[in-house]
Enquirer: 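I have a structure I would like to understand better, so I am pasting it below and will then ask my questions one at a time.
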Amino acid sequence: METNELKKVIFTLDIDYLELVDAVGLDYTKKGTDLKVSVYLDEQEMLDFYDVDPYNFAFNCLNPELAESCSSFKIYKMSKEEQEEVNNNDNKEEGYINF
């Protein structure tokens with residue numbers, strides 16, 4: 001089975017949005033006063049959702065309220081192991097956002 005290569009996008013959000021991030025069930029880590037929220041996009045999704053402006057990119061991937069607090073993002077190439085973990089995950093508690 002062939003799968004598209006995924007990119008891991010990490011959005012930096014203000015920690016004041018922690019309750020909403022938890023409520024939505026997103027995959028995140030805390031770093032200082034920031035939340036690092038991970039989203040996984042394939043090539044077509046990157047074409048559809050990507051914007052150089054952090055607000056617009058977060059708006060397209062997350063939601064308008066979370067986008068308000070997005071200050072930056074980084075895009076990473078994922079290893080095959082990471083991609084398999086995301087693609088084969090059926091545990092909704094993990095909080096992977098994979099369109």
Side-chain angles (χ1 to χ4, degrees):
M1 179 175 101
E2 187 176 319
T3 59
N4 287 330
E5 181 177 310
L6 296 174
K7 300 287 187 192
K8 181 177 186 176
V9 181
I10 300 180
F11 293 101
T12 301
L13 307 180
D14 189 287
I15 201 161
D16 290 342
Y17 287 72
L18 176 59
E19 190 172 311
L20 179 58
V21 169
D22 272 338
V24 175
L26 297 174
D27 178 23
Y28 72 90
T29 58
K30 294 180 194 174
K31 186 161 185 161
T33 60
D34 294 329
L35 298 175
K36 303 292 186 174
V37 175
S38 301
V39 175
Y40 307 91
L41 303 174
D42 67 25
E43 187 176 328
Q44 184 60 50
E45 292 161 345
M46 284 295 293
L47 290 171
D48 291 344
F49 300 144
Y50 178 76
D51 194 293
V52 295
D53 181 85
Y55 169 82
N56 291 333
F57 194 19
F59 184 98
N60 294 340
C61 293
L62 302 172
N63 70 34
E65 192 171 355
L66 291 174
E68 290 175 4
S69 79
C70 184
S71 58
S72 66
F73 64 85
K74 289 190 178 181
I75 301 171
Y76 299 91
K77 183 174 181 172
M78 296 174 61
S79 70
K80 287 187 180 200
E81 294 80 19
E82 289 174 309
Q83 289 191 51
E84 287 175 11
E85 181 181 341
V86 172
N87 285 328
N88 297 327
N89 179 48
D90 59 2
N91 179 359
K92 297 298 181 194
E93 294 299 315
E94 289 292 330
Y96 293 130
I97 300 297
N98 184 14
F99 296 93

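Sequence positions, counted from 1, serve as the residue numbers for this chain.
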Enquirer: Could you report the tightest heavy-atom contact between Ile10 and Tyr76, atom names first, then the distance?
Expert: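 Reported closest heavy-atom pair: CD1-CE1, 3.6 Å.
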Enquirer: To check you understand the geometry: which heavy-atom pair defines the closest contact between Val39 and Cys61, and what is its length?
Expert: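 Scanning both residues, the minimum pair turns out to be CG1-CB, 4.4 Å.
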Enquirer: For this output row, return yes or no: ring centroids of Phe49 and Phe57 closer than 6.0 angstrom.
Expert: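 When the ring centroids of Phe49 and Phe57 are compared, they turn out to be at least 6.0 Å apart.
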Enquirer: If you group Ile, Leu, Val, Met, Phe, Trp and Tyr by side-chain heavy-atom gaps below 4.5 Å, do Phe59 and Met46 land in one group?
Expert: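 No: no chain of side-chain contacts under 4.5 Å links Phe59 to Met46.
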Enquirer: Looking at Val21 and Leu35, what are the two nearest heavy atoms and their distance?
Expert: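 Scanning both residues completely, I find the closest heavy atoms to be CG2-CD1, 3.9 Å.
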Enquirer: Tell me the closest heavy-atom pair linking Cys70 and Phe11, and the distance in Å.
Expert: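 So the minimum-distance heavy-atom pair works out to SG-CD2, 3.7 Å.
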Enquirer: Determine whether more than 12 heavy atoms belonging to other residues, nucleotides or ligands lie under 6.0 Å from atom OH of Tyr50.
Expert: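 Yes, OH of Tyr50 has more than 12 neighbouring heavy atoms, counting only those of other groups under 6.0 Å.
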Enquirer: Can you get from Val52 to Leu41 by hopping between Ile, Leu, Val, Met, Phe, Trp and Tyr side chains that sit under 4.5 Å apart?
Expert: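 Same cluster: Val52 reaches Leu41 through Ile, Leu, Val, Met, Phe, Trp or Tyr contacts under 4.5 Å.
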Enquirer: Can you name the closest pair of heavy atoms from Gln83 and Met78 and give their distance?
Expert: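 Closest pair (atom of Gln83, atom of Met78, distance): NE2-O, 3.3 Å.
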Enquirer: What is the minimum heavy-atom distance between Tyr17 and Glu68, and which atoms define it?
Expert: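 Minimum heavy-atom contact is OH-OE1, 3.6 Å.
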Enquirer: Around atom CD of Glu82, are there more than 12 heavy atoms from other residues, nucleotides or ligands closer than 6.0 Å?
Expert: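 Result for CD/Glu82: enclosed.
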Enquirer: Just by distance, do the side chain of Glu84 and the backbone of Glu81 share a donor-acceptor pair under 3.5 Å?
Expert: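 Side chain of Glu84 to backbone of Glu81, a donor-acceptor pair under 3.5 Å: no, none is there.
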